[in-house]
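Notes to accompany the following structure.
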Amino acid sequence: MKHDLLIIGSGIAGLRAALQAAYTAKIDIAILSKVQVMRSHSVSAEGGMSAVLYPDKNDSLELHAYDTVKGSDYLADQDAVELLVQMAPIEVRFLERIGVPWSRLPDGRMYQRAFGGMSVPRTTFAADKTGFFIMSTLYQNILRFDNIKQYHEYFVTKLIIENGEFKGVTALDLKTGELKLFLAKAAIIATGGAGRLYRFTTTAHSTTGEMLGLALRSGLALKDMEFVQWHPTALVPSGILVSEAARGEGGYLVNKQGERFMKRYAPQKMELAPRDIVSRAILTEIAEGRGFVHEESGMGYVGLDLRHLGEGVLNQKIPFITELAHKYVGVDPLEELIPVRPAVHYTMGGIHVDTYGRVLAPDGSWVRGLWAAGEAAAVSVHGANRLGSNSLSECSVWGRLTGEAAAKYAMEAPTPATDERYIKAAQGEESRIFDKLLHKETGGISVYELKGRLQDAMEQHFGPFRQGSTMKEGIPKLLKIREDFANVRVEDGGRVYNQNLKDALELDGMIDAALAVAYGALARQESRGAHYRLDYPRRDDENWLKHTVAFFNGGQIQLSYIPVRITKWTKFEERKY
Amino acid sequence: MSSRRSSYINVEGGVENMRAGRGAGEWFRLINYERLYFTIQRISGLYMFFYLIFYRVLFDAFVSPSLVSSFDMTVPGKVLAALFLVFLAFHGLNGFRIMLIEFGIIRGWPLRNPIRNVPGLRRSRIHLIYNVLMIIIAVAALVYLPYLVTYGAVFRP
Amino acid sequence: MPALTVKVKRFDGRKSWWQEYKVDIKSRKISVLDVLLKIKEEQDPTLAVRYSCRMAICGSCGMVINGVPRLACQTLLAEIKDDTITVEPMWNHRVIKDLVVDTEPNFEKLRKVKPYTIRDLKEIYESDREIGQKPEELEKYYNFAYCIECGLCMAACPVVATNPRFLGPMALAAAYRWSADSRDQGWPVRAKIVDTDEGVWSCHLAYTCSAVCPRGVDPGFAIQLVKAALMRRAKKL
Amino acid sequence: MSEGTIRLIFLLLALYVIIMIGVVFLVLLPMYVPLSEVLSSNPITVYPEGVAEVNPTLKFLEATIAAAWSTHGILGFRRFLSDLAKTERGMKYVNWLTVALVVVIVPMVIYAIMTL
């Protein structure tokens with residue numbers, strides 16, 4: 001099948017890119033998504049979207065950029081950050097015009113709330129379902145354009161890149177079970193993060209990050225994969241996200257003794273310190289025996305206290321949290337503490353791209369015709385730690401930028417010819433999937449067992465507190481999993497909607513992404529942002545103020561480093577909140 | 001399409017295009033009380049249509065008035081007539097409710113609550129009162145009209 | 001440990017049958033989706049369920065549980081109480097496999113009501129203006145913006161069951177949501193679309209859509225609001 | 001005609017029927033016979049024959065009620081059929097059938113009442 005522009009992934013970044021591209025040029029756009037287009041995990045974003053909408057004496061673009069850079073532990077590329085803060089208000093206003101129901105002030109302006117790591121309230125929100133509202137609005141606006149074709153439930157299995165130029169992808173149509181070849185002039189990868197590498201995560205079952213593994217395999221590079229964010233508050237035991245908005249609206253974190261323990265870790269910002277700090281604080285409390293223990297799962301947790309906020313705030317501003325707490329834990333936030341503990345939330349790393357979202361090969365040259373946006377890309381505005389609510393801004397901003405750039409590129413690029421080579425590549429892929437994976441008689445390891453092993457290994461060896469020795473033990477485990485994948489058995493032999501096969505393919509990519517995390521984490525001998533090492537507890541700006549770039553070299557992960565782009569903020573303060 | 005009706009049979013083969021659910025059978029599924037109203041409304045409407053047009057008009061006026069009058073006095077005739085009247089009462093009452101809703105007189109507004117969302121109609125006081133009245137009248141009609149049909153005098157002024 | 005019996009209506013493209021699974025559960029604080037995934041991982045990987053977010057916001061896992069259309073992830077075992085769970089694919093949809101149904105007709109219907117702000121395209125895409133909206137204007141449509149497009153209302157609607165042309169509660173609620181938005185100017189356009197036999201007038205007020213809606217969108221009520229506006233020949237919603 | 005107009009007619013006819021039946025039973029008939037007698041006789045025999053016997057001019061009123069009622073019924077039947085019509089074409093047939101029914105049945109009903 002031929003299209004001008006392929007958009008792989010249908011989260012906020014993907015849909016925003018599609019929208020912008022469709023408006024920019026009358027080209028034939030296809031959105032490929034492994035779930036139905038409006039089901040992407042962006043819907044679960046709760047808190048809000050940061051943007052300096054009404055600059056005054058308290059707030060300015062400068063300050064937002066500074067907060068972001070400081071929050072990132074100075075690993076963010078500062079030119080990208082400046083682009084982000086500049087574009088974010090434009091994007092918020094754009095979303096307002098296409099119909100997002102932002103929460104309002106009585107005079108009709110947009111309401112903004114406080115968020116972790118931000119020095120002033122600047123998080124625009126729509127109750128506590130911001131991501132959902134943006135997603136559904138974007139999705140419904142997609143329907144305006146006839147030149148966008150949606151492919152629901154197409155699982156991309158391979159990127160075809162030739163001589164540094166993007167050619168197409170092969171995708172498995174889950175509904176019919178056929179492998180299809182898509183040829184296109186350009187593509188935008190917007191497949192999101194890899195939260196499911198870990199067991200206890202806030203992300204959806206579909207956020208597996210196999211695309212990152214596929215990217216590695218097709219010769220692209222991953223940047224800063226070792227930085228995995230733990231969100232401080234996820235419901236115990238399910239891992240469902242409790243938005244930072246709960247603390248932004250004034251919630252407290254308390255331990256078993258009823259003490260607001262954050263005063264010992266971040267005396268000024270208390271609960272609204274950046275996420276890595278709060279997460280570590282909670283885990284420290286639990287480790288030191290001041291947390292509660294969940295009876296059924298044995299997990300330690302602390303309490304999120306919203307009792308003093310009153311019913312009005314709970315019902316108006318954070319209704320979803322109340323609902324989730326009530327539904328999945330059986331706790332009424334007005335009367336009891338909500339049990340929370342940190343869970344994997346975001347991968348700061350992703351596909352190596354430049355400031356404008358163009359995908360770069362390991363040697364730093366642009367892979368022509370390929371962009372990446374959103375969580376899947378590491379533009380590196382988040383550096384070592386993302387500030388809450390910056391992600392929606394990032395997705396939207398880079399969705400727009402890449403969409404526009406890709407549309408312009410696709411207008412000028414020549415139509416791809418149906419070459420024998422691509423058909424051969426597709427056939428190779430077909431035989432890999434259907435002959436080798438699906439119709440295999442031998443091998444007895446279940447996909448889910450192996451996935452469980454991967455998640456356990458990641459949780460155990462590459463958790464929020466990392467140590468050289470444990471990580472060294474973890475890598476052989478991952479390699480063993482890689483090896484065992486050859487013996488994986490897909491028990492469902494059918495073609496139509498074969499989820500078992502999809503899970504196997506997901507796992508395949510996940511293992512590679514996990515390896516990139518593992519190697520990157522082992523190599524980085526310092527503590528920065530979300531990457532915290534017990535054996536190197538300090539930040540080391542002299543040796544490690546650089547991005548990790550991981551790529552495949554002969555089937556092995558190899559690392560190289562590139563410098564951080566620094567413009568204005570050259571004084572590297574210690575992060576104290 | 002042919003498989004729709006039989007899709008509830010436990011095992012069946014050769015279905016390429018299965019549609020879940022019972023097709024027209026869905027009209028008789030009971031989930032909430034408004035749906036019950038819908039079902040009765042529909043059945044009663046159809047019943048009255050056929051009863052009036054075919055029996056009362058066609059037979060009475062064009063075929064044989066005396067036959068109709070005498071059939072009305074037999075037990076089956078009385079059952080049909082009683083059914084007609086009860087249905088008429090319900091159809092009218094519920095129809096009036098529908099009118100009130102469709103003209104926007106009964107409104108209310110959905111309550112958004114984190115723990116339990118309440119649909120708008122359930123929050124309208126008029127709707128609630130009307131429902132109670134409607135049920136009372138319908139029950140009264142259910143008793144009174146068959147009674148009239150069975151024991152009521154033939155109206156001869 | 002209490003054992004749970006899960007009866008699943010299976011379909012593999014050719015035949016359809018009921019299959020029973022026995023599952024041991026530790027606690028009743030887990031959702032039906034968790035149970036199904038447990039079956040999938042431990043007993044029968046061939047079972048197909050569409051799922052994603054597991055927190056009742058993505059709308060993937062709509063299915064009929066014990067005779068009521070619900071989201072599997074939102075239905076906790078504690079609410080069911082019974083030790084037998086019957087799970088069927090969503091009614092009124094074509095089944096692809098097991099519990100996975102084809103919801104694309106719903107999206108096509110959604111497209112028909114033009115669910116986007118209708119105003120000058122140039123203004124939307126090129127200006128940098130904030131249109132603004134008062135909280136009370138927001139309140140007018142806010143409830144209906146919560147639709148997660150799961151299709152449960154379509155599964156529950158008795159009219160959709162027999163009339164495939166009927167736009168259905170999901171699309172009509174979207175029509176109201178967008179028309180009532182103060183930033184939108186498309187009511188005259190949409191009124192023409194919904195003021196038809198396929199539109200609001202095929203609604204028979206069974207209200208099951210509102211009863212089963214997992215997010216309290218109350219699509220049935222939205223349809224009545226549209227009807228009232230059409231009856232009164234309203235110029236603006 | 002737009003569907004909304006049809007619906008409006010449908011509802012107004014129903015309203016007319018509901019109100020007029022009430023008026024006939026509770027206001028007009030008691031002018032000739034005691035109310036208790038009206039309310040204790042078999043309604044099937046009251047309307048339409050009984051009314052016509054009480055005062056033949058009431059037949060005209062009865063005829064309008066019957067015409068409104070049958071039109072309402074036919075339109076209601078159309079609603080039922082339209083739920084079963086799966087295509088645009090089917091809908092077209094349903095509309096034609098409705099028109100045909102109105103043309104045939106309404107005069108028939110009026111005739112039936114007038115010849116009582």
Side-chain angles (χ1 to χ4, degrees), chain A residues 20 23 35-36 38-41 43-44 53 90 93-94 96-99 101-110 129 132-133 136-137 139-141 143-144 150 152 175 204-206 237-238 240-241 296 320 324 327-330 446-448 452 490-494 496-500 503, chain C residues 12-13 26-27 29 31 37 40-42 45-60 74 76 78 96-98 100 102-104 107 110-111 114-117 121 123-125 127-135 137-138 141-142 145-149 174 178 181 183-184:
Chain A
Q20 192 65 28
Y23 179 73
V35 290
Q36 288 175 313
M38 75 304 288
R39 314 277 191 232
S40 302
H41 188 60
V43 291
S44 304
L53 286 177
I90 298 176
R93 283 192 285 269
F94 170 78
E96 199 253 354
R97 287 196 299 281
I98 65 168
W102 296 118
S103 293
R104 301 287 178 161
L105 290 167
D107 63 354
R109 292 189 305 161
M110 286 175 253
K129 287 201 184 109
F132 163 70
F133 281 125
S136 83
T137 313
Y139 170 70
Q140 300 194 345
N141 271 275
L143 300 174
R144 185 200 302 265
Q150 303 160 21
H152 301 282
K175 253 187 199 170
H205 288 290
S206 54
S238 56
I240 288 172
L241 174 68
E296 279 150 18
F320 197 38
L324 291 173
K327 189 100 198 169
Y328 294 100
V329 201
S446 125
V447 178
Y448 305 105
V490 178
E491 279 171 62
D492 192 347
V496 176
Y497 218 88
N498 190 336
Q499 275 187 321
N500 203 200
D503 290 338
Chain C
D12 68 355
K26 286 204 198 99
S27 110
K29 277 251 164 77
S31 65
L37 288 181
K40 194 170 160 55
E41 288 178 9
E42 290 164 11
T46 60
L47 181 68
V49 193
R50 186 183 274 145
Y51 60 94
S52 176
C53 76
R54 57 93 173 85
M55 53 197 272
I57 187 81
C58 77
S60 303
Q74 207 190 22
L76 296 199
I96 295 172
K97 185 182 175 186
D98 298 345
V100 181
D102 184 6
T103 52
E104 267 164 55
F107 308 145
L110 191 62
R111 185 193 284 271
K114 302 188 187 295
Y116 34 79
T117 30
L121 252 192
E123 188 195 342
I124 294 177
Y125 282 85
S127 77
D128 185 24
R129 189 165 91 82
E130 182 185 332
I131 300 170
Q133 194 164 50
K134 295 251 157 47
E137 290 170 329
L138 177 72
Y141 71 90
Y142 192 49
Y146 271 86
C147 175
I148 58 175
E149 290 144 25
W178 286 99
D181 193 326
R183 294 164 290 191
D184 175 86

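Sequence lines set the chain letters: A, B, ... in the order given, protein chains first and strands last, and positions in each chain run from 1.
Of all heavy-atom pairs spanning C/Ala48 and A/Gln499, the tightest one is CA-OE1, 3.4 Å. Here the closest heavy-atom approach between residue C/Arg50 and residue A/Tyr497 is recorded as NE-OH, 3.6 Å. C/Tyr125 and A/Tyr23 make their closest contact through CB-CE2, 3.4 Å (heavy atoms, listed as atom of the first residue, atom of the second, distance). For the residue pair A/Asn500 and C/Lys40, the shortest heavy atom distance occurs at N-NZ, 4.2 Å. Contact detail for A/Asp492 and C/Lys97: the closest heavy-atom pair is OD2-NZ, 2.6 Å. Residue A/Leu143 comes nearest to C/Tyr116 through the heavy atom pair C-CE2, 3.7 Å, listed as atom of the first residue, atom of the second, then distance.
Most heavy-atom pairs under 4.5 Å with chain A, from the set C/Leu37, C/Ile148, C/Thr103: that is C/Ile148. Annotation: maximal heavy-atom pairing with chain C below 4.5 Å, among A/Ser103, A/Pro101, A/Ser446, occurs at A/Pro101. The choice from A/Glu491, A/Arg144, A/Lys129, A/Arg93 that makes the most heavy-atom pairs within less than 4.5 Å of chain C is A/Arg144. Ranking C/Thr46, C/Asp128, C/Ile131, C/Leu138 against chain A, the residue ahead of the rest is C/Asp128, based on heavy-atom pairs under 4.5 Å. The residue among C/Gly132, C/Cys53, C/Ser52 with the most heavy atom pairs within less than 4.5 Å of chain A is C/Ser52. Comparing A/Arg104, A/Arg109, A/Met110 by how many heavy-atom pairs each has under 4.5 Å with chain C, the most go to A/Arg104. Counting heavy-atom pairs closer than 4.5 Å to chain C, the top-ranked of the candidates A/Glu296, A/Gln20, A/His41, A/Gln140 is A/Gln140.
Every residue two or more places apart in sequence or in another chain that forms a salt bridge (charged side-chain N to carboxylate O under 4.0 Å, His left out) with C/Asp98 is listed here: C/Arg10. With sequence neighbours left out, A/Tyr448 forms a ring-ring contact (aromatic ring centres under 6.0 Å, His included) with no residue at all.
For C/Arg183, the part lying near chain A is the side chain, with the backbone staying farther off; criterion is any non-hydrogen pair under 4.5 Å. Interface remark: C/Leu47 contributes backbone atoms only to the contact with chain A (heavy atom separation under 4.5 Å). In this structure, chain A has a heavy atom under 4.5 Å from the side chain of C/Tyr141, while its backbone stays farther away. Proximity to chain A (any heavy atom under 4.5 Å) is shown, for C/Ala56, by both the backbone and the side chain.
Contact annotation: the side chain of A/Arg97 never approaches that of C/Thr117 to less than 4.5 Å [non-hydrogen atoms, C-beta and beyond]. Using a 4.5 Å cut-off on side-chain heavy atoms (C-beta onward), C/Leu76 and A/Tyr328 make contact. Looking at A/Phe94 and C/Ile124, their side chains come closer than 4.5 Å, going by heavy atoms from C-beta outward.
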Hey, mind stepping through C/Gln133 and A/Glu96 against side-chain hydrogen bond (donor to acceptor under 3.5 Å, both in side chains) and telling me if it holds? CA-CA 9 Å; C/Gln133 194 164 50; A/Glu96 199 253 354; over 6 Å; no
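The OG1 atom of A/Thr137 sits 9.0 Å away from atom CG of C/Asp181, with the distance rounded to the nearest 0.5 Å. With rounding to the nearest 0.5 angstrom, the OG atom of A/Ser44 is 4.5 Å from the CE atom of C/Met55. Note that the CG atom of A/Asn141 and the CH2 atom of C/Trp178 stand 5.0 Å from one another [nearest 0.5 Å].
The neighbour count for A/Lys175 NZ, taken as heavy atoms of other residues, nucleotides or ligands under 6.0 Å away, is above 12. In C/Lys114, the NZ atom is not crowded: 12 or fewer heavy atoms of neighbouring residues, nucleotides or ligands sit closer than 6.0 Å.
A/Gln150 and C/Glu104 share no side-chain donor-acceptor pair at under 3.5 Å.
In this structure, A/His152 and C/Phe107 have tilted ring planes: the angle between them lies in the 30° to 60° band.
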